[in-house]
Protein chains: 4
Amino acid sequence: MAQARKSIGAQRNPASEKAILDAARDLLAEQGLAGFSIEAVARRARAGKPTIYRWWPDRTRLLLAVYAGLKDEMVHPETGTLEGDVRGFIAHLFEFWSGTPAGPVIRSVIAEAQTNAEASAAFLAFHRERNAETSARFARHGLALDKAQAIAEIAVSYAWGQLLTGRRPNDAQIARLTEILIRGVG
Amino acid sequence: MAQARKSIGAQRNPASEKAILDAARDLLAEQGLAGFSIEAVARRARAGKPTIYRWWPDRTRLLLAVYAGLKDEMVHPETGTLEGDVRGFIAHLFEFWSGTPAGPVIRSVIAEAQTNAEASAAFLAFHRERNAETSARFARHGLALDKAQAIAEIAVSYAWGQLLTGRRPNDAQIARLTEILIRGVG
Amino acid sequence: MAQARKSIGAQRNPASEKAILDAARDLLAEQGLAGFSIEAVARRARAGKPTIYRWWPDRTRLLLAVYAGLKDEMVHPETGTLEGDVRGFIAHLFEFWSGTPAGPVIRSVIAEAQTNAEASAAFLAFHRERNAETSARFARHGLALDKAQAIAEIAVSYAWGQLLTGRRPNDAQIARLTEILIRGVG
Amino acid sequence: MAQARKSIGAQRNPASEKAILDAARDLLAEQGLAGFSIEAVARRARAGKPTIYRWWPDRTRLLLAVYAGLKDEMVHPETGTLEGDVRGFIAHLFEFWSGTPAGPVIRSVIAEAQTNAEASAAFLAFHRERNAETSARFARHGLALDKAQAIAEIAVSYAWGQLLTGRRPNDAQIARLTEILIRGVG
DNA sequence: ATTTAAACGAGACGGTACGTCACGTCTTAGT
DNA sequence: ACTAAGACGTGACGTACCGTCTCGTTTAAAT
């Protein structure tokens with residue numbers, strides 16, 4: 001959490017930006033979307049509300065900025081087999097979601113997207129981008145691209161379904177899903 | 001929309017209950033969760049706020065009551081084959097969600113469930129109940145119950161994923177998903 | 001406080017009337033006008049709200065009924081001298097107001113009279129009636145009636161002023177007031 | 001009545017404060033305490049409720065603020081004689097109360113003081129302050145201070161008694177009261 | 001002896017106001 | 001020019017009480 005910061009003159013203060021994004025992310029991680037208000041972020045970041053509104057036009061855009069900040073961390077290793085990659089992809093999603101603020105943040109973005117068209121568009125765009133990467137990876141093992149896209153979509157949808165209902169599959173469930181998907185397109 | 005209703009004595013007035021639930025459902029259908037406030041429901045239903053709070057302790061519980069009111073309509077025909085039942089189940093979900101207030105209502109419930117533990121529990125319970133029915137139906141065609149449960153879960157998750165991102169699959173996509181699922185457990 | 005009472009047929013139940021008036025008086029005595037709501041009276045008297053509204057058309061009229069019930073107790077002895085009667089009258093007012101629910105009730109009636117024309121009229125009428133009695137008593141000692149009325153009015157106004165500001169004069173102050181009044185009209 | 005006002009920065013907007021106090025005072029003058037609600041004041045002043053609650057913690061404190069705003073106007077001329085000053089003081093009270101919002105405001109404060117300890121304390125404090133001034137003035141004509149205080153208290157109590165019961169004395173009645181008081185302490 | 005009619009406790013009804021919270025906008029004073 | 005601070009109007013939150021209404025029960029009075 002940030003200490004009191006003075007202005008650094010007629011230029012954007014990167015410390016403020018970071019303090020705001022950190023506060024927003026931490027609030028989402030700790031209290032979910034319910035605790036995520038501009039006022040709470042400003043209090044926690046020791047920032048003025050207009051400073052937040054200057055850079056992010058509303059609550060939704062700040063949420064999306066936090067969400068965008070997660071992307072860099074979303075990498076997972078290749079295994080060499082299709083089965084290993086699919087299983088690893090799914091398993092990694094849940095690890096990522098539970099070990100970082102990512103889970104609450106994504107839940108919040110999805111919730112926000114049900115109310116806010118901009119959040120919806122941003123989330124869908126990001127999903128498509130990610131799915132292109134994922135299916136490209138799956139296709140490296142000789143799978144047709146359309147089938148790779150299909151199982152990537154199904155896998156991610158399944159993972160969302162678990163996340164949104166507060167569940168997390170065990171290894172056996174992940175293995176079964178993987179098997180169904182690979183046999184299904186085999 | 002309801003006219004002003006008097007009390008009918010020391011008992012719940014079904015006309016008021018209906019007017020409130022109708023108003024709530026219509027607001028969700030027209031404006032989504034953002035337009036769904038107790039004040040707005042009271043105005044539209046020509047009801048007093050305390051009348052709403054008397055029967056539904058908060059916004060979430062009223063939302064869940066609207067959601068529960070959808071159950072009866074959620075039926076779809078049997079086709080005689082596993083492939084037909086799976087495909088029909090998925091197709092029916094999207095028809096149901098787009099032709100009735102059900103789509104916006106379910107989107108709202110899922111969004112609410114990300115914030116509210118009660119909504120989360122209610123949604124998960126309802127989902128499990130529905131999935132038991134669905135997988136039982138799939139199992140009538142000779143499929144093992146655990147496999148039937150798995151593909152029911154996957155199918156519903158896929159449908160939610162489409163709904164929550166504002167998409168709707170065409171018949172070919174539904175057919176492909178159906179094929180993957182059935183071959184996957186075959 | 002009353003037990004649950006049944007109807008005694010097509011006639012007013014005196015037990016209910018008493019229970020309601022007692023509850024109203026006690027609430028005024030204990031919590032003042034702030035705690036005096038029809039709902040609170042009904043709860044305390046174990047009466048239905050319509051039973052109250054059947055006999056007293058609104059909150060003000062029930063307050064006035066409690067006030068009217070005080071009249072009988074408002075008697076004080078004659079002393080044989082003008083000075084004794086004036087002093088005794090004033091002293092008696094404060095004893096009456098502090099030893100019974102009368103103080104809070106009269107404070108409440110005066111407060112209510114600032115908002116409600118009916119309460120104002122009722123209070124003024126009662127005041128005039130009382131003042132006629134008081135000044136008649138003072139006049140028995142040879143004082144002209146108009147002078148007796150004047151000092152009765154002044155004495156009561158002074159007493160109200162003390163009551164409404166939460167004060168109570170000691171004996172010396174009462175004696176001084178008495179002296180001023182009697183010498184003033186002497 | 002005020003137009004919509006913007007914030008003028010991180011400081012109190014005097015225009016809003018004035019609009020709110022004016023609206024409160026006018027509501028009291030026109031409708032008395034019954035019409036005096038925070039919601040009504042906010043509507044009339046075109047102010048937000050939180051703006052009112054930011055500066056005055058509740059209805060009572062806003063009422064007392066209106067009451068305090070009357071002080072400056074409560075001045076009356078000296079006449080050179082005790083009789084003239086006493087009579088002028090009493091007469092002035094009624095002129096002040098009938099020609100300005102002061103009458104309804106004071107009636108409201110007294111009513112509120114019967115319910116609210118804070119209002120009671122504030123009213124009593126203001127009364128004592130005023131009475132010190134008044135009795136000091138009376139004492140300039142050679143009257144002992146304790147006697148001056150006594151007749152000031154009696155005079156004000158009499159005036160309150162008239163105000164609270166919706167009466168107003170004519171000149172002869174004021175003259176008679178003055179005579180009684182002066183002869184009483186003579 | 002039976003029926004009628006009104007009073008009873010209970011509590012739901014549509015409203016209004018309460019006092020609180022967060023929204024997104026605006027201006028100040030300082031760096 | 002950018003900062004922290006915080007006031008502004010708006011509007012929803014959940015609660016209390018208003019005065020009205022109907023329910024089903026009870027019982028005295030009228031048949």
Side-chain angles (χ1 to χ4, degrees), chain A residues 2 4-13 15-16 36-40 42-43 45-55 57-59, chain B residues 2-13 15-17 36-42 45-55 57-59, chain C residues 2 4-13 15-17 36-40 42-43 45-55 57-59, chain D residues 2 4-13 15-17 36-42 45-55 57-59:
Chain A
R5 289 172 306 282
K6 298 301 176 71
S7 166
I8 57 172
Q11 56 182 319
R12 182 167 187 170
N13 186 339
S16 284
F36 179 75
S37 69
I38 296 291
E39 307 235 350
R43 272 195 299 272
R46 291 192 165 281
K49 282 205 291 174
T51 303
I52 300 178
Y53 281 107
R54 184 171 303 115
W55 303 114
D58 55 32
R59 197 182 99 125
Chain B
Q3 283 303 308
R5 291 169 304 279
K6 301 295 179 71
S7 164
I8 58 171
Q11 57 181 326
R12 186 168 191 166
N13 186 339
S16 284
E17 180 180 11
F36 179 74
S37 71
I38 296 289
E39 305 236 353
V41 172
R46 291 188 167 283
K49 277 204 294 175
T51 301
I52 299 179
Y53 282 109
R54 187 173 301 120
W55 301 114
D58 54 33
R59 197 182 96 127
Chain C
R5 290 170 305 280
K6 300 299 179 68
S7 166
I8 58 169
Q11 57 180 334
R12 185 167 188 169
N13 186 340
S16 284
E17 179 180 12
F36 179 74
S37 70
I38 296 289
E39 305 235 350
R43 273 195 298 272
R46 291 190 165 280
K49 281 205 293 175
T51 302
I52 300 178
Y53 281 107
R54 185 173 300 120
W55 302 114
D58 53 33
R59 196 183 99 125
Chain D
R5 290 171 304 281
K6 301 295 178 72
S7 164
I8 58 170
Q11 57 181 330
R12 187 168 189 165
N13 187 339
S16 283
E17 179 179 13
F36 178 74
S37 70
I38 296 290
E39 305 237 351
V41 172
R46 292 188 167 283
K49 279 203 294 174
T51 302
I52 299 179
Y53 282 108
R54 185 173 302 119
W55 302 114
D58 53 32
R59 197 182 96 128

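Throughout, a chain's letter reflects where its sequence line sits, starting with A, and its residues are numbered from 1.
- With the nearest nucleotide of DNA chain F identified for both D/Gly48 and B/Ile38, D/Gly48 has the one nearer the 5' end.
- Among the protein residues, C/Ala42 comes within range of no part of the nucleic acid, since none of its heavy atoms lies under 4.0 Å from any strand.
- Nearest-nucleotide assignment on DNA chain F puts the 5′-proximal partner with B/Ala40, out of C/Ile8 and B/Ala40.
- As judged by a 4.0 angstrom heavy-atom cut-off over every strand, C/Glu39 is placed among the base-contacting residues.
- Nucleic acid contact class of A/Pro50 (heavy atoms, under 4.0 Å, all strands): base.
- Residue B/Thr51 places at least one side-chain N or O under 4.0 Å from the OP1 or OP2 atom of E/dG14.
- Which of E/dC23, F/dC21, E/dG14 sits closest to the side chain of A/Tyr53 comes down to E/dC23.
- Distances shown here put every side-chain N or O of B/Ser16 at or beyond 4.0 Å from the OP1 or OP2 atom of E/dA12.
- Taking only side-chain atoms of A/Trp55, from C-beta outward, the nucleotide of E/dC13, F/dC2, F/dA12 with the closest atom is F/dC2.
- In terms of phosphate contacts, A/Arg54 brings no side-chain nitrogen or oxygen within less than 4.0 Å of OP1 or OP2 of F/dC2.
- A pairwise comparison of heavy atoms in B/Gly48 and B/Ala42 identifies C-CB, 4.4 Å as the closest pair.
- In terms of heavy-atom proximity, D/Ser7 sits nearest to D/Gly9 at OG-N, 2.9 Å.
- Checking B/Gln11 against C/Glu17, the closest nucleotide of DNA chain E that is more toward the 5' end is the one next to C/Glu17.
- Here the straight-line distance linking atom OG1 of A/Thr51 with atom CZ of A/Arg46 works out to 14.0 Å at 0.5 Å rounding.
- Between the C1' atom of E/dC23 and the NZ atom of D/Lys49 lies a distance of 16 Å, rounded to the nearest Å.
- Summary of the strand contacts: A/Ser37 and B/Ser7 both lie near DNA chain E, and taking for each the nucleotide with the nearest heavy atom, the more 5' one is attributed to B/Ser7.
- Scanning all heavy atoms of the two residues, the minimum distance from B/Asp58 to B/Tyr53 falls at CA-CE2, 4.3 Å.
- Atom CG of D/Asn13 is separated from atom P of F/dG9 by 7 Å (rounded to the nearest Å).
- Regarding D/Ile52, its CD1 atom lies at a distance of 15 Å from the C1' atom of F/dG11, rounded to whole Å.
- In this structure, C/Arg12 does not reach the E/dA6 phosphate: none of its side-chain N or O atoms is under 4.0 Å from OP1 or OP2.
- Here D/Arg46 does not reach the OP1 or OP2 of F/dG9: none of its side-chain N or O atoms lies under 4.0 Å away.
- A straight line from CG of D/Asp58 to P of E/dA17 spans 17 Å, rounded to a whole angstrom.
- Atom CZ of D/Arg59 is separated from atom C1' of E/dT16 by 13 Å (rounded to the nearest Å).
- In plain terms, the two heavy atoms of C/Arg5 and C/Asn13 that are nearest each other are CB-ND2, 4.2 Å.
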